[in-house]
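Labels below follow one simple rule: chain letters A, B, ... track the order of the sequence lines, proteins then strands, and each chain is numbered from 1.
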Amino acid sequence: MQFCGQHRKITTKYLLFLLSGQTVFSTFNNHTGKTEGMNEHHRENTIIRMFHVYKRYGAKNALVDISIDVRKNEMLLVTGPSGAGKSTLLKLLYLGEPVSEGQILIEGINLSRISNKRIPFLRRKFGIIFQDYKLIPTKTVFDNIAMVLEVTGESFRFIQKKVSSVLRTVGMEGKLNAFPPSLSGGEQQRVAVARAVVGDPKIILADEPTGSLDSESASIIMGLLKGFHDRGTTVIIATHDHEIIRKTKGRALYLKEGSIQSEDVKPTKKRPITI
Amino acid sequence: MQFCGQHRKITTKYLLFLLSGQTVFSTFNNHTGKTEGMNEHHRENTIIRMFHVYKRYGAKNALVDISIDVRKNEMLLVTGPSGAGKSTLLKLLYLGEPVSEGQILIEGINLSRISNKRIPFLRRKFGIIFQDYKLIPTKTVFDNIAMVLEVTGESFRFIQKKVSSVLRTVGMEGKLNAFPPSLSGGEQQRVAVARAVVGDPKIILADEPTGSLDSESASIIMGLLKGFHDRGTTVIIATHDHEIIRKTKGRALYLKEGSIQSEDVKPTKKRPITI
Amino acid sequence: MKSGLIIFFIKRAIQDIFNNRFLHAVTITTIALSILIVSAFGLFLSNAGDIMDSWKKGIRIMAYLDKDVELKQIAELEQKILDLYGVADIRFISKAEALQQLKAEMNRQTSLFEDLKENPLPDVFEVQMMASTQNWEKIEVLAAQIERLPHVGGVEYGQHWLGRVIGIFNLFKFTGIVMACIFFMASVLIVANTIRLLFYSRQQELEIMRLVGATDGFIKAPFYIESVIQGILGGITGILVLFVIFWVITSNVEQDFSAGFFNLRFLPVGMFLGIIFGSMFAGWLGCYLSLKQFLKV
Amino acid sequence: MKSGLIIFFIKRAIQDIFNNRFLHAVTITTIALSILIVSAFGLFLSNAGDIMDSWKKGIRIMAYLDKDVELKQIAELEQKILDLYGVADIRFISKAEALQQLKAEMNRQTSLFEDLKENPLPDVFEVQMMASTQNWEKIEVLAAQIERLPHVGGVEYGQHWLGRVIGIFNLFKFTGIVMACIFFMASVLIVANTIRLLFYSRQQELEIMRLVGATDGFIKAPFYIESVIQGILGGITGILVLFVIFWVITSNVEQDFSAGFFNLRFLPVGMFLGIIFGSMFAGWLGCYLSLKQFLKV
Ligand SMILES: Nc1ncnc2c1ncn2[C@@H]1O[C@H](COP(=O)(O)OP(=O)(O)OP(=O)(O)O)[C@@H](O)[C@H]1O
Ligand SMILES: Nc1ncnc2c1ncn2[C@@H]1O[C@H](COP(=O)(O)OP(=O)(O)OP(=O)(O)O)[C@@H](O)[C@H]1O
Ligand SMILES: [Mg+2]
Ligand SMILES: [Mg+2]
């Protein structure tokens with residue numbers, strides 16, 4: 001309830017921003033070289049837009065001039081060698097770090113103009129699988145996953161049902177009361193996946209979701225993510241696993257030293273390619 | 001110096017154990033079905049022996065009846081699906097956990113009879129790449145690696161030279177003063193590898209040493225490990241990466257639900273197969 | 001929903017206090033110790049103040065008259081003294097009365113007075129002062145004024161040690177206030193430290209909570225609840241211990257050497273509530289200071 | 001090599017104190033406060049004890065003789081009193097002397113004595129007691145013994161308040177010891193807590209160190225060094241603050257109301273060293289208790 005109110009307010013704010021933010025858009029248009037009309041159509045379907053985004057850590061350029069659009073219900077693969085900036089790219093989206101330069105819009109909300117109070121509500125749009133899992137070692141598997149629903153104020157009954165069902169999907173129903181340090185690497189990763197999807201997020205950010213998994217478990221997890229994608233969720237996967245890249249339909253972004261080296265679009269079943 | 005004294009004492013202890021430990025050996029002999037003479041020869045060349053090792057966590061059997069011999073300068077691959085017990089197997093070797101049943105001998109030292117005071121000296125035989133890296137987030141990359149040499153009381157000059165050279169080998173020479181949380185997943189893994197090899201250990205235990213690495217970085221790391229192997233180090237690698245298993249020469253152990261399912265011996269360049 | 005959330009937080013806070021019971025025990029003990037010392041001092045001061053007041057009430061200026069003063073002049077003098085600022089009451093003691101009193105007091109040497117031809121004592125006015133004339137300087141000024149009046153042969157007032165005692169008492173009071181401030185600050189620091197350490201030990205957890213969309217309020221609330229609980233528990237424990245000590249002392253020692261002399265009371269209710277509120281506030285403030293450092297919102 | 005390692009550890013410990021300066025500042029402050037309070041009490045007691053001793057030396061039993069005692073009997077009595085256990089010295093004051101003294105004391109009412117036909121005062125023995133006769137009960141026993149001797153008409157000893165004061169002083173002494181124990185325990189707890197928290201916050205680090213082959217000594221040493229440093233710093237700070245307070249008070253207040261009366265001294269060296277050593281020990285013990293819980297070696 002609270003969230004919807006929040007959302008409406010933010011949308012209003014975004015409209016105001018659009019009225020004042022023409023320069024940014026024209027820059028973008030020049031870059032993509034598309035007509036204004038197409039862009040208008042686009043904007044409605046676009047859930048994430050990045051305009052000339054830079055991220056610097058001291059002298060180090062982690063990301064250089066990234067401009068991409070992600071449509072609603074798109075499957076985007078981000079790939080590249082170690083240290084290319086894959087995780088950094090995801091981090092910028094959920095405001096794990098601020099951008100150094102450029103603009104990011106998520107559902108029309110400009111991240112550089114968002115107030116601190118609204119950051120939590122922004123983050124609730126995302127389900128994130130962190131590369132290092134980020135499980136709380138002092139809480140049980142159940143509590144780790146339930147946390148996502150607790151912060152939005154769901155009832156205990158609902159939380160219990162939902163967490164159990166999601167754990168079953170990732171094959172971890174037996175480890176409900178285990179603590180993360182007592183799990184194997186792959187089991188931890190599966191818990192991290194369960195936590196990311198339990199809140200039915202609009203966007204799933206998956207950073208190496210199968211790095212610690214054998215091929216069988218990996219394909220279960222990939223199947224899960226594809227299932228969410230089929231039901232309308234936008235999915236962004238950062239990975240260096242050739243297997244995943246080969247098997248997954250969608251757009252692949254190849255990063256190297258912070259820049260986009262190539263965009264490789266593979267045919268999806270239903271949708272025509274728009275970028 | 002201290003270490004050698006330690007070592008000599010332990011060896012004496014082992015001889016006493018041998019004199020009294022006939023039953024254990026005979027069990028072992030029955031299992032392998034080899035003659036006594038061959039085993040005697042064996043023992044000299046063997047660095048790790050596990051006799052009917054079990055590991056239980058509560059009702060969970062993480063390892064079931066594991067009996068293996070690892071020769072000096074062997075390359076052993078441990079593989080199997082997520083939760084099979086690969087990490088647990090390594091953990092038992094460096095006394096990260098005690099065995100529930102059975103015996104482990106490392107260079108003739110029986111781990112279940114070792115005194116607490118000697119555990120640190122046992123651990124200095126190993127260089128360990130942990131699946132979750134286990135880097136200290138509050139120390140720089142340099143300090144993380146230097147620690148291994150500090151505990152043995154090396155001089156600062158030596159430490160500095162050695163750490164720099166090892167970081168160069170893994171391609172992380174530029175991140176000497178970075179803190180682990182500011183590194184990418186793959187970079188952290190390379191630091192973990194550097195720490196494992198900096199002490200020139202007798203045995204390297206590598207738990208998914210390339211899980212977060214793209215194929216190029218991965219082959220650098222595998223090359224490094226093979227280099228150590230060529231110079232006489234015993235290397236045990238736990239991995240689910242088919243690539244590594246296919247490309248690496250050595251013995252492969254396939255675990256499933258805690259038991260050895262198959263032992264697949266691939267031809268090595270120099271040595272004939274002895275088990 | 002809202003009240004459900006508060007219950008959820010209080011449950012979490014209590015569970016957390018239990019999980020970190022050693023840390024919290026130390027904090028609560030420290031607060032209790034501070035409170036104990038401050039309130040012991042307060043107790044001492046409040047009782048000593050009572051005694052002091054009764055003593056002060058007992059301070060009288062004795063104005064000795066010249067030998068040959070007539071009745072009319074005495075009446076005039078009485079009026080003059082009463083007119084002085086700070087005088088509450090006045091009583092005339094004739095020399096006959098005075099001798100009677102002296103004889104009664106010196107019962108061991110009564111023979112001394114048996115052979116007196118004539119009463120050698122002077123008439124005297126006993127001047128009582130208003131309660132507002134608290135401090136020693138004012139008493140001295142008043143005595144000097146009285147001495148300057150006609151027909152007054154000399155004045156005597158209080159015992160000199162009372163001046164010293166009042167000085168010491170005021171020093172104690174000052175010390176007490178300074179100590180209360182120090183211990184308040186100490187308590188705040190301790191709570192701040194505890195919260196800071198809890199924060200450190202849960203930094204990872206809180207960071208993760210923030211990443212999954214927890215609001216700052218959701219993250220902060222348990223800390224505030226915990227530190228206020230700490231403050232209250234510390235305060236209550238401190239006062240309880242003080243009460244036990246007080247009870248043991250009064251029931252054993254009082255009859256020995258202060259029966260009927262002092263009448264010891266425990267802390268007045270206002271002070272009691274003040275102390276509890278103070279320790280609660282110390283908890284809150286400690287938490288506030290600690291969290292301010294971490295969350296810049 | 002060995003001494004190099006110690007320097008390495010001390011460097012680590014100091015660096016670590018600096019890194020966790022807030023935590024350590026709070027710990028040191030708490031220890032300093034405890035030390036301050038305990039040593040303030042010790043200072044008070046050591047000075048009050050001095051005064052008490054001088055007062056006790058001043059306690060005399062006055063034995064009033066019957067009216068018609070002869071010189072020979074007086075000499076006998078003197079011997080008898082001297083023979084009693086606990087009597088240090090004895091002085092005879094004739095009634096003539098006594099009257100002289102009384103006149104001198106009551107200078108305002110000298111006229112009272114002008115017309116005396118006969119000296120109404122009795123002869124008196126002033127009995128001084130040995131220093132060992134410290135407590136009130138012994139004085140009372142001795143006085144009763146003297147009263148029972150022939151020709152003694154009555155005894156008077158001390159002022160009654162002295163008995164009370166001694167009682168209160170002993171109570172204070174007891175309180176002081178209890179407080180010292182409490183604060184010692186508090187300091188130990190605080191140090192234990194600090195170390196425990198440091199331990200928690202570095203658990204991961206220590207676990208990793210252990211995995212790469214660090215011995216227990218290598219891991220523990222910095223903690224011990226840190227906590228002993230904490231103890232020493234806390235102790236020194238506490239005593240320093242006490243000294244400043246003492247200095248301010250003595251240089252401002254002493255001349256006002258205790259000039260020549262008291263002679264305030266700072267803590268005796270033994271006590272000083274004892275306190276520093278105690279706080280050091282508190283640090284060590286706190287660390288020991290804390291580490292014992294974690295490392296079962
Ligand atoms: N907080 C930080 N401070 C400094 N440098 C950083 C920080 N975070 C990331 N970097 C640097 O930015 C670069 C990109 O990091 P990123 O984590 O995005 O790589 P990645 O593509 O995810 O690599 P991997 O596949 O190894 O996870 C790396 O060189 C890393 O060292
Ligand atoms: N401390 C522990 N307490 C309880 N169970 C444990 C503990 N450590 C491991 N286990 C269980 O033992 C099993 C084997 O774990 P292990 O970490 O050895 O698996 P693994 O083969 O390394 O798997 P992965 O490839 O996912 O890392 C798992 O099911 C795990 O949950
Ligand atoms: Mg990454
Ligand atoms: Mg594992």
Does atom [atom1] of [X] have more than 12 heavy-atom neighbours from other groups under 6.0 Å away?
X	atom1	result
B:Q261	CD	yes
A:E173	CD	yes
A:K256	NZ	no

- Message: Could you report the tightest heavy-atom contact between B:Q131 and A:S212, atom names first, then the distance?
- Response: NE2-CB, 4.2 Å
- When every non-hydrogen atom of A:G80 is compared with those of B:D214, the smallest separation belongs to O-CB, 4.4 Å
- Item | Contact winner vs chain A - B:E243, B:E216, B:R190, B:E208, heavy-atom pairs under 4.5 Å | B:R190
- With a 4.5 angstrom heavy-atom cut-off, which part of A:K91 approaches chain B: side chain, backbone, both or neither? neither
- Segment of B:K86 engaging chain A (4.5 angstrom heavy-atom cut-off): neither
- When rounded to the nearest 0.5 angstrom, what distance separates OG in A:S82 from CG in B:L183? 9.5 Å
